[in-house]
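Shown next, in structure tokens, is the structure this report addresses.
In listed order, ligands and their atoms are each counted from 1.
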Amino acid sequence: MPDALHTLTIAELRTLLQKREISPADIIHDLEASITARDPEIGAYLHRDTAAALAAAEKADLSAPLGGIPVAIKDVLNVQGQPATAGSKMLRGYISPYDATCIAKLKSAGAIPFGKLNMDEFAMGSSNENSAWQLTRNPWDTTRVPGGSSGASAAAVAARTAIASLGSDTGGSIRQPAAFCGITGLKPTYGRVSRYGLIAYASSLDQVGPMTRTVEDAALVLQAIAGHDPQDSTSLNAPVPDYSAALRRGVSGMKIGLPREYFIDGIDPAVRAAVEAGVKELERQGATVREISLPHTRFAIAAYYIIATAEASANLARFDGVRYGHRCDTPADLRDMYDRSRAEGFGPEVKRRIILGTYVLSSGYYDAYYRKAQKVRTLIARDFAEAFKEVDLIASPVTPTAAFKIGKNAGDPLQMYLADIFTIANNLSGVCGISVPCGYSAEGLPIGLQLTGRPLGEEDLLRGAFAYEQATDWHRRLPQKS
Ligand code: GLN
């Protein structure tokens, strides 16, 4: 049997499984050993049901597209019979009574959900420091954050303690941690993947997507989870193309735009150089590159933190101590129970956002903040629509810097919010985006190249990202000791 199965990609494991050289249980055992060795230092896993995974491995249909492949899951998604805390004390002890649609789809593609991964509480954050449970560390430098909110989904894939994972992205939470940890992360078009069974943060922005070691693996996982779902009224009823077939089409003839507003002062020069070199590589392969403008970019963070917090304040109203999750001890009356259950259950960042979101929706301020932010959102979406009349893909950095030190931004929410400056506009406009590794900072930390595609343009993303990846070896480099 080939050793170190935990270092292989989905595509490589599928070949070995189909040749019957390994069994799905071998992969689980190998991963389990890798997690035992490495996760105490990384802190990615909140929960694992190894017995259930092994039982699923016994029955795995190896002819299915992801037959026998374990996929680790961000703790914001419901996996039947397993805890789902969304990184919050509010949901301590909650066991999912059902599978999210993307989990059901993974299972019917033959995959085995294995392990729940840490995250910022209710997906609010860019560093995993907002988890109620534990710190997750960046495998490339354990004094640094893995990014967030799907930080552990990225860290586990990078540390080779997960083959692939699912994350969710509301303002960058798949792409930013993928960039910080040197893996591939794809945020699909809004509505491409069902949100049914995803614990909601900001429903008009949230989207589930794959986090993998290669672009090919991202295509395989996206294929499994994409598609219409009558249980989610915002799910798009559009055919799902053959994503793997898109990979090898090459970029010759593709038009790539560089938004002038994304190459600003304040970007780490190493990030700028790596991204520019990445674009040059695509040009060398036959893409044409031109400068474009997304003029309303500078309003994106402000609009996002009004819209996302407004939606969060409504979504999180359901956590009242009545039906599930945390309830305070010995409440004096109903009001006291609501107050104390919420005060005890939510962490400081979640409280900050509920307060902000309630404020921007309040009757005296609705027009000044919420309505205005919605108008800005429309302008941002129009910027993208205009740009995509001229280009097929937009290339940019994912983040202004590589992974920052644990604690660096923890006391400064505005500084933390700036980590998402290049990712948020995609969510506001609903378009898709991918982060692929494109180099290293002076400190040896991974840097990501972001490609943004038009609505339902995932094939273009995969085509561009795969062409780039094939010409480089960033994705093969390992953090120490993995
Ligand atoms: N970091 C952003 C936030 O804190 C985005 C989070 C996300 O995409 N879930 O809201």
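- By the ring pair (Phe, Tyr, Trp, His ring centres under 6.0 Å) test, Y359 pairs with Y365, Y369, sequence neighbours left out.
- With sequence neighbours excluded, no residue forms a ring pair (Phe, Tyr, Trp, His ring centres under 6.0 Å) with W133.
- Of the possible donor and acceptor atoms, one in the side chain of N138 sits under 3.5 Å from a partner among the backbone N and O of F180.
- Under the ring pair (Phe, Tyr, Trp, His ring centres under 6.0 Å) criterion, Y94 pairs with Y324, not counting sequence neighbours.
- With rounding to the nearest 0.5 Å, the separation of OG in S108 from CG in L66 is 9.5 Å.
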Filter the ligand 1-protein atom pairs down to N or O on both sides and distance under 3.5 Å, then list them.
{"unit_1": "ligand 1", "atom_1": "1 (N)", "unit_2": "G125", "atom_2": "O", "d": "2.9"}
{"unit_1": "ligand 1", "atom_1": "1 (N)", "unit_2": "S126", "atom_2": "OG", "d": "2.8"}
{"unit_1": "ligand 1", "atom_1": "1 (N)", "unit_2": "D420", "atom_2": "OD2", "d": "2.6"}
{"unit_1": "ligand 1", "atom_1": "4 (O)", "unit_2": "G125", "atom_2": "N", "d": "2.9"}
{"unit_1": "ligand 1", "atom_1": "4 (O)", "unit_2": "Y305", "atom_2": "OH", "d": "3.4"}
{"unit_1": "ligand 1", "atom_1": "4 (O)", "unit_2": "R353", "atom_2": "NH1", "d": "3.1"}
{"unit_1": "ligand 1", "atom_1": "4 (O)", "unit_2": "R353", "atom_2": "NH2", "d": "2.9"}
{"unit_1": "ligand 1", "atom_1": "8 (O)", "unit_2": "T170", "atom_2": "N", "d": "2.7"}
{"unit_1": "ligand 1", "atom_1": "8 (O)", "unit_2": "G171", "atom_2": "N", "d": "2.6"}
{"unit_1": "ligand 1", "atom_1": "8 (O)", "unit_2": "G172", "atom_2": "N", "d": "3.3"}
{"unit_1": "ligand 1", "atom_1": "8 (O)", "unit_2": "S173", "atom_2": "N", "d": "3.0"}
{"unit_1": "ligand 1", "atom_1": "8 (O)", "unit_2": "S173", "atom_2": "OG", "d": "2.6"}
{"unit_1": "ligand 1", "atom_1": "9 (N)", "unit_2": "A123", "atom_2": "O", "d": "2.8"}
{"unit_1": "ligand 1", "atom_1": "9 (N)", "unit_2": "S149", "atom_2": "OG", "d": "3.4"}
{"unit_1": "ligand 1", "atom_1": "9 (N)", "unit_2": "T170", "atom_2": "OG1", "d": "3.4"}
{"unit_1": "ligand 1", "atom_1": "9 (N)", "unit_2": "S173", "atom_2": "OG", "d": "2.7"}
{"unit_1": "ligand 1", "atom_1": "10 (O)", "unit_2": "Y201", "atom_2": "OH", "d": "2.8"}
{"unit_1": "ligand 1", "atom_1": "10 (O)", "unit_2": "Y304", "atom_2": "OH", "d": "2.6"}
{"unit_1": "ligand 1", "atom_1": "10 (O)", "unit_2": "R353", "atom_2": "NH1", "d": "2.8"}

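- Counting only distance, with no hydrogens or angles, the side chain of R327 and the backbone of G321 share a donor-acceptor pair below 3.5 Å.
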